[in-house]
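See below for the structure under consideration.
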Number of protein chains: 2
Amino acid sequence: MNKKQLIAKLSGSLNLSKADAERTFDTITNTILDSLKGDDPVKIAGFGTYKVAKRKARVGRNPRTGEQIQIAASQKVKFLPAKALKEVFNK
Amino acid sequence: MNKKQLIAKLSGSLNLSKADAERTFDTITNTILDSLKGDDPVKIAGFGTYKVAKRKARVGRNPRTGEQIQIAASQKVKFLPAKALKEVFNK
DNA sequence: TTACTATATGCAAAAACTGCATACCCATTT
DNA sequence: AAATGGGTATGCAGTTTTTGCATATAGTAA
């Protein structure tokens, strides 16, 4: 399922136009991102937690040439599924 | 930020009652979950991809006792941030 | 058509995973 | 409003898993 299909489903379920459904969805993702930008994890009970994970610098490798490369420290968004979410897929 | 605070923010941004904001949000998470239950990854352009990762059974260890333990195969929801999302946190 | 994303490759190092007790934070209930 | 219950974070050790490097191509999406 891609974003377009998701928006179409939400449009039906929420009785909104597709434009409104998309605007609503984007508002939610932006709100989550804003919180993460402020380094504040977003905890959704029963679904999961979004947090920014800091990754240390390390030595990598160019797979094409085999040459070693220094990789800078970086940050990425992590999603940790809530307990309830794990159970759904392990019953 | 927890779910309650997120709902409050959305209520303001979307001009909805808190009850409606929560209903909207839950509809979205449920829609995503339903797709995942059907083993269909959900790809949100510019945000990320949710997919179900299957993990094989393996031998683990109880860190407290050092005792070896057989770990059953399981599944968990993975979120892979989109390129745009990574850039936000690495500029 | 233009933009994004998945894939494939080898390999080093970071990170996740396991059980479990404790502490903590949040939500619900009285 | 206060109390209680439940989900979540933490630390621990060692093994498994993931990550991420460059880059072109193929596929999908806007």
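Letters go in sequence order (proteins before strands), and every chain restarts at 1.
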For B:Q70 versus B:V59, what's the shortest heavy-atom pair and its separation?
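Closest approach of B:Q70 to B:V59: OE1-CG2, 3.7 Å.
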Closest to the [X] side chain: [options]?
X     : options                : value
A:N62 : D:dA22, C:dA15, D:dT15 : D:dA22
B:R64 : C:dA21, C:dT18, C:dA14 : C:dA21
A:Q68 : C:dC17, C:dC26, C:dA12 : C:dA12
A:I71 : D:dG20, D:dT23, C:dA12 : D:dG20
B:P63 : C:dA16, C:dA21, C:dT18 : C:dT18
A:K51 : D:dT8, D:dA9, C:dA15   : D:dA9
A:R61 : D:dT23, C:dA12, C:dC20 : C:dA12
A:I69 : C:dA13, D:dC21, C:dA27 : D:dC21

Take atom [atom1] of [X] and atom [atom2] of [N], then tell me their distance rounded to the nearest Å.
X     : N      : atom1 : atom2 : result
A:Q75 : D:dT19 : CD    : C1'   : 16 Å
B:F47 : C:dC4  : CZ    : C1'   : 17 Å
B:M1  : C:dC26 : CE    : P     : 13 Å
A:I7  : D:dA29 : CD1   : C1'   : 14 Å
B:E87 : C:dT5  : CD    : P     : 9 Å
A:K86 : C:dT18 : NZ    : P     : 7 Å
A:R55 : C:dA12 : CZ    : C1'   : 14 Å
A:K56 : D:dT18 : NZ    : C1'   : 16 Å

If you look at every strand shown and take non-hydrogen atoms under 4.0 Å, does [X] touch a base, only sugar-phosphate, or nothing?
X     : result
B:K76 : sugar-phosphate
A:K78 : sugar-phosphate
A:K4  : sugar-phosphate
B:T49 : sugar-phosphate
B:G66 : nothing
B:A82 : sugar-phosphate
A:K3  : sugar-phosphate

Would A:D20 and A:R23 pass as an ion pair if we require N to O under 4.0 Å?
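A salt bridge is present here (some side-chain N lies under 4.0 Å from a carboxylate O).
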From CA spacing to verdict: side-chain contact (heavy atoms from CB on, under 4.5 Å), A:V42, A:T49
CA-CA 6 Å; A:V42 180; A:T49 301; over 6 Å; no
Which is more 5' along DNA chain C, the nucleotide nearest B:K43 or the one nearest A:A53? Just name the residue.
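In this pair, the answer is B:K43.
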Please figure out whether B:N2 or A:A57 has its closest DNA chain C nucleotide nearer the 5' end.
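The 5'-side residue here is A:A57.
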Criterion side-chain contact (heavy atoms from CB on, under 4.5 Å) on B:K37 and A:V88, from CA distance to verdict:
CA-CA 8 Å; B:K37 282 179 197 168; A:V88 168; 3.4 Å; yes
Hey, do the aromatic rings of B:F79 and B:F47 have their centres closer than 6.0 Å?
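Judged by ring-centre distance (under 6.0 Å), B:F79 and B:F47 do meet the cut-off.
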In the structure I gave you, are the side-chain heavy atoms of B:L33 and A:L85 within less than 4.5 Å of one another anywhere?
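Yes; the side chains approach each other to less than 4.5 Å.
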Within the 4.5 Å heavy-atom criterion, are B:N2 and B:Q5 side-chain neighbours or not?
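Answer yes - side chains close enough.
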Think B:K83 has a side-chain N or O under 4.0 angstrom from the OP1 or OP2 of C:dC4?
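No.
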Taking for each residue the nucleotide of DNA chain D bearing the nearest heavy atom, is the 5' side occupied by A:A45 or by B:V59?
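Nearer the 5' end of the strand: A:A45.
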